[in-house]
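One structure is given below, encoded as structure tokens.
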Amino acid sequence: MTVRVEATADGRFATNSYLVIDDDTNDAVIIDANFEPRLVLDRVRDAHANVKAILLTHTDVDHIAGLQVLLEELGAIPVAVHDAEREVLVEGVPLRREFPSAIKPVGNVSGLREGQPYVAGSLSFDVLHTPGHSPGGVSLRIGTNVFTGDALFAGAIGRSDFQNSDGRALIQGIRTKLLSLPDETAVYSGHGPATTIGKERRENPFLV
Ligand SMILES: [Zn+2]
């Protein structure tokens, strides 16, 4: 398995949607669905990628806004989310009291559970529950890459000032499940540039 990561960011919130491809098979997943899904769809087309699933690090609106377009273009592939935020997709319940926007319910929803690898074609992701920004926040690890959603950013951590946030759980999850990964692990965040676990362990002002 030779994993390649392509990042696209929307212009509104700079939310990243990632295309993760196994170069040996062209099997792929999309991680998060930002406001400009055409950007990642262009990468899918250029790479001749066979997208097997859409994985969500969490369900804030800027990470799921592009779902309907992705599903229209890619067919009814599974959309995987942690059980704690499943109803946002299945029932269209807003994640936040503070942001009462909802999406059209999604039909083919599968679960992301810690300790249970998520397999999509030739790709297999370890699921790390990293809540605190939101209850069902997950980080997804494959090889020497980890996708951290809005838990860990380059030089920052996620917001935890929402009604359903938990700042202590956020820090604890980052410390125990992310900073314990090897230094050279590449970190792909929900917003902003990539970094590494080693750099964040040494320099992140919220964690040192
Ligand atoms: Zn976000």
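Just the heavy atoms: all of them, side chains too, but no hydrogens, waters or symmetry mates, feed the values below.
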Starting from the C-alpha separation in whole Å, work towards a yes-or-no answer on side-chain hydrogen bond (donor to acceptor under 3.5 Å, both in side chains) for R96 and N164.
CA-CA 7 Å; R96 309 284 190 193; N164 59 353; 2.8 Å; yes

Quick one: does any side-chain atom of [X] pair with a main-chain N or O of [Y] as donor and acceptor, under 3.5 Å?
| X | Y | value |
| --- | --- | --- |
| S17 | D32 | yes |
| N16 | G192 | yes |
| E6 | Y18 | no |
| N34 | T15 | yes |

Just so I know, are the side chains of [X] and [Y] near enough to count as touching, which here means a heavy-atom distance under 4.5 Å?
| X | Y | value |
| --- | --- | --- |
| D27 | I21 | no |
| V187 | S189 | yes |
| I157 | L207 | yes |
| K52 | I77 | no |
| E91 | P105 | no |
| L19 | V5 | no |
| D22 | N26 | no |
| H191 | D62 | yes |

Do [X] and [Y] sit in one hydrophobic cluster, given that two such residues count as connected whenever their side-chain heavy atoms are within less than 4.5 Å of each other, even indirectly?
| X | Y | answer |
| --- | --- | --- |
| V29 | V138 | yes |
| L152 | L112 | no |
| L74 | I64 | yes |
| L71 | I103 | yes |
| L179 | F153 | no |

Shortest non-hydrogen contact from [X] toward [Y]:
| X | Y | value |
| --- | --- | --- |
| V208 | E203 | CG1-N, 3.8 Å |
| A151 | L170 | CA-CD1, 3.8 Å |
| L55 | F125 | CD2-CD1, 3.9 Å |
| G155 | P205 | O-CD, 3.5 Å |
| I197 | L181 | CG2-O, 3.4 Å |
| L56 | L67 | CD1-CD1, 4.3 Å |

Give a yes-or-no answer on whether the side chains of [X] and [Y] include a donor-acceptor pair shorter than 3.5 Å.
| X | Y | answer |
| --- | --- | --- |
| D23 | T2 | no |
| S165 | S160 | no |
| T130 | S139 | yes |
| Y118 | S110 | yes |
| S134 | E85 | yes |

Where do R159 and D150 land on the salt bridge (charged side-chain N to carboxylate O under 4.0 Å, His left out) test, with the steps shown first?
CA-CA 8 Å; R159 284 178 65 173; D150 286 7; over 6 Å; no

Determine, step by step, whether D42 and R45 satisfy the salt bridge (charged side-chain N to carboxylate O under 4.0 Å, His left out) criterion, reporting the C-alpha distance in whole Å, the side-chain angles of both residues, the deciding distance to 0.1 Å, and the verdict.
CA-CA 5 Å; D42 285 348; R45 191 194 55 224; 3.5 Å; yes

Nearest-0.5 Å distance that lies between atom [atom1] in [X] and atom [atom2] in [Y]:
| X | Y | atom1 | atom2 | result |
| --- | --- | --- | --- | --- |
| T25 | N50 | OG1 | CG | 7.5 Å |
| R4 | N145 | CZ | CG | 12.5 Å |
| R38 | T8 | CZ | OG1 | 13.0 Å |
| D126 | R141 | CG | CZ | 4.5 Å |
| N204 | R201 | CG | CZ | 12.0 Å |

Given I30, L70, L41, the one that forms side-chain contact (heavy atoms from CB on, under 4.5 Å) with V51:
I30

Between R12 and D10, does any side-chain N to carboxylate O distance fall below 4.0 Å?
no

What verdict does the salt bridge (charged side-chain N to carboxylate O under 4.0 Å, His left out) test give for E200 and R202, after you've listed the backbone C-alpha separation in whole Å, the side-chain angles of each residue and the deciding distance to 0.1 Å?
CA-CA 5 Å; E200 296 314 306; R202 287 190 304 272; over 6 Å; no

Would you call the rings of H63 and H58 parallel, tilted or perpendicular if under 30° counts as parallel and over 60° as perpendicular?
tilted

I'd like to know whether V81 forms a side chain to side chain contact (heavy atoms under 4.5 Å, CB included) with T59, so could you lay out the CA-CA distance, the side-chain angles of the two residues, the decisive distance to 0.1 Å, and finally the verdict.
CA-CA 8 Å; V81 68; T59 57; 3.7 Å; yes

Is there a side-chain hydrogen bond (donor to acceptor under 3.5 Å, both in side chains) between H133 and D166? Walk through the geometry before answering.
CA-CA 7 Å; H133 175 67; D166 181 340; over 6 Å; no

Test side chain to side chain contact (heavy atoms under 4.5 Å, CB included) applied to L140 and V127, step by step:
CA-CA 5 Å; L140 300 160; V127 178; 4.1 Å; yes

Flag if over 12 foreign heavy atoms under 6.0 Å of CD, Q68
yes

Do F147 and Y188 make the cut of ring centroids closer than 6.0 angstrom?
yes

